[in-house]
Amino acid sequence: MPELPEVEVTRRSFASAIEQATIQRVWQGLPLRWPLGCAPEYLVGQRVGSVQRRGKYLLLELSHGWLLVHLGMSGSLLFSAHLPAPTAHEHFDLVTTRGVLRLNDPRRFGAVVFVPDLAAPTAVKLLGKLGMEPLSDQFDLDAFAVGLKKRRTAIKQVLLAGNLVVGVGNIYACESLFLAGIRPTTVAARLRRPRVQRLRAAIIEVLTAAIERGGSTLRDFSSADGSAGHFQLEAKVYGRAGLPCLCCGSTVRVMRQGQRSSYFCPVCQKA
DNA sequence: CAGTGGGCCTGAGTGC
DNA sequence: TGCACTCAGGCCCACT
């Protein structure tokens, strides 16, 4: 499920509801990607402060540390007043005075990690190399251009890597490159200023639109209050191989780049 | 340092 | 219907 818009929509859907809650109980199911990093009992009694986001990580501020939540490839959060009925793949429950935050994650690539502070080694390992936040002032055109200049690989790979700009996963990388008229295979360092500028604008536009529409999904994204996203209805190229380009009518193509599918229009997107 | 490929997991979909 | 196979939104790590 999770690229930046889904994570942000999820954050907004439960942040104010869980704020000021006190943790009463922690339940863990099957192991997730990483261990929790503390005894579950250590969380009990701690108060939840703000819920922030960095890239695709959610950061729950606690009275004595932070809970980092990552949704991996298939994770979703549900916040509800009472303990939800068991389903097939819940692996973490945070029971609080204001409701239960539940992580559901069939593939278990997701994680919930406690760190005493954001300078702790684990936090630095997970968050330290993240690139610029695309929807903040941090996403500076000059910095973006300088970063791209250093990369001799395909622009699509650079976007996915997340160490220059965060939050752009496969779907939004495809859509952003389409909107900017750039082939996924174009070497990042070869992009000139006007195209860098267009790409930056396209990323911001695509992510912003997706958040406004409530996040995207290929299958079953729903935010923590249960409402569903529907960005897939808006996708211009992603998942449309063999169909006519919505701008020029030529056939949308798909290719493999680093074990990932890249969808593009061979006419609208130039090398 | 930059770049590439493997691996972690399960479920859905496809073709035989 | 059953089986083998491929693919899926992410990201760390070992290696070149």
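Everything numeric here is computed off the predicted structure, so don't read it as measured data. Every chain is numbered from 1 and lettered A, B, ... according to where its sequence line falls, protein lines coming before strand lines.
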* **Any donor-acceptor N/O pair under 3.5 Å between C/dC11 base and A/R33 side chain** =>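 A donor-acceptor contact between them is present.
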* Tell me the side chain to side chain donor-acceptor pair (under 3.5 Å) pairs involving residues 144-155 of chain A, sequence neighbours left out? -> A/R151-A/N163
* Asked: Want to know the stems of DNA chain B: at least 3 consecutive Watson-Crick or G-U pairs with distances under 3.5 Å, which are they?
  ->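 Only these stems qualify: B:2-8 with C:10-16, B:10-16 with C:2-8.
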Counting only side-chain nitrogens and oxygens, does [X] get under 4.0 Å of the OP1 or OP2 atom of [N]?
X	N	value
A/H89	B/dG11	yes
A/S74	B/dC9	no
A/Q259	B/dG6	yes
A/K125	C/dC13	yes
A/R151	B/dA2	no

* To do: Report the distance from atom SG of A/C248 to atom CD of A/Q269, rounding to the nearest 0.5 Å.
  =>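 Interatomic distance, A/C248 SG to A/Q269 CD, rounded to 0.5 Å: 9.5 Å.
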* **side-chain hydrogen bond (donor to acceptor under 3.5 Å, both in side chains) between A/T87 and A/N104, intermediate numbers included** => CA-CA 9 Å; A/T87 53; A/N104 197 282; 3.1 Å; yes
* To do: Determine, step by step, whether A/R256 and A/S262 satisfy the side-chain hydrogen bond (donor to acceptor under 3.5 Å, both in side chains) criterion, reporting the C-alpha distance in whole Å, the side-chain angles of both residues, the deciding distance to 0.1 Å, and the verdict.
  => CA-CA 6 Å; A/R256 299 293 289 179; A/S262 293; over 6 Å; no
* Kindly write out the residues that satisfy salt bridge (Lys or Arg N to Asp or Glu O under 4.0 Å) with A/R54, not counting sequence neighbours, or none if the list is empty. => A/E133
* To do: Only counting residues at least two apart or in another chain, list the ones meeting salt bridge (Lys or Arg N to Asp or Glu O under 4.0 Å) with A/R240.
  => none
Calculate the interatomic distance between [X] atom [atom1] and [N] atom [atom2]; express it in whole Å.
X	N	atom1	atom2	result
A/L32	C/dC11	CG	C1'	15 Å
A/L148	B/dA2	CG	P	13 Å
A/Q257	C/dG10	CD	C1'	16 Å
A/L164	C/dC11	CG	C1'	17 Å
A/Y238	C/dC7	OH	P	12 Å
A/L126	C/dG10	CG	P	17 Å
A/L160	C/dC12	CG	P	13 Å
A/R260	C/dG9	CZ	P	5 Å

* Would you jot down, in residue-number order, the residues of residues 101-114 of chain A having a non-hydrogen atom under 4.0 Å from DNA chain B? => A/P106, A/R107, A/R108, A/F109
* If each of A/L130 and A/S261 is mapped to the nucleotide of DNA chain C with the nearest heavy atom, which maps nearer the 5' terminus, i.e. the 5' end? ->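 Looking at the nearest nucleotide for each, A/S261 comes out on the 5' side.
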* **Closest listed nucleotide, where the reference is the side chain of A/M73 and the choices are C/dA8, B/dT4, C/dC11** =>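 Nearest listed nucleotide: C/dA8.
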* Asked: What nucleotide, of C/dG9, C/dG10, C/dC12, holds the atom closest to the side chain of A/K56?
  ->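 Nearest to the side chain of A/K56 among the choices is C/dG10.
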* **Minimum side-chain heavy-atom gap A/L58-A/L68 below 4.5 Å** => no
* Asked: Is there side-chain contact between A/F114 and A/W66, with heavy atoms separated by less than 4.5 Å?
  ->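 Of all side-chain heavy-atom pairs linking A/W66 with A/F114, none is under 4.5 Å.
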* Asked: Given the P atoms of B/dG5 and C/dC7, what is the spacing between them in whole Å?
  ->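 B/dG5 and C/dC7 have their P atoms separated by 16 Å.
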* Whole-Å P distance, C/dT6 and B/dG6 ->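 That atom pair is separated by 14 Å.
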* Please report the shortest heavy-atom distance between A/P2 and A/V7, naming the atom on each side. => CB-CG2, 4.0 Å
* Asked: What pairs of residues pass the salt bridge (charged side-chain N to carboxylate O under 4.0 Å, His left out) test when at least one of them lies in residues 185-203 of chain A, not counting sequence neighbours?
  -> A/D142-A/R193
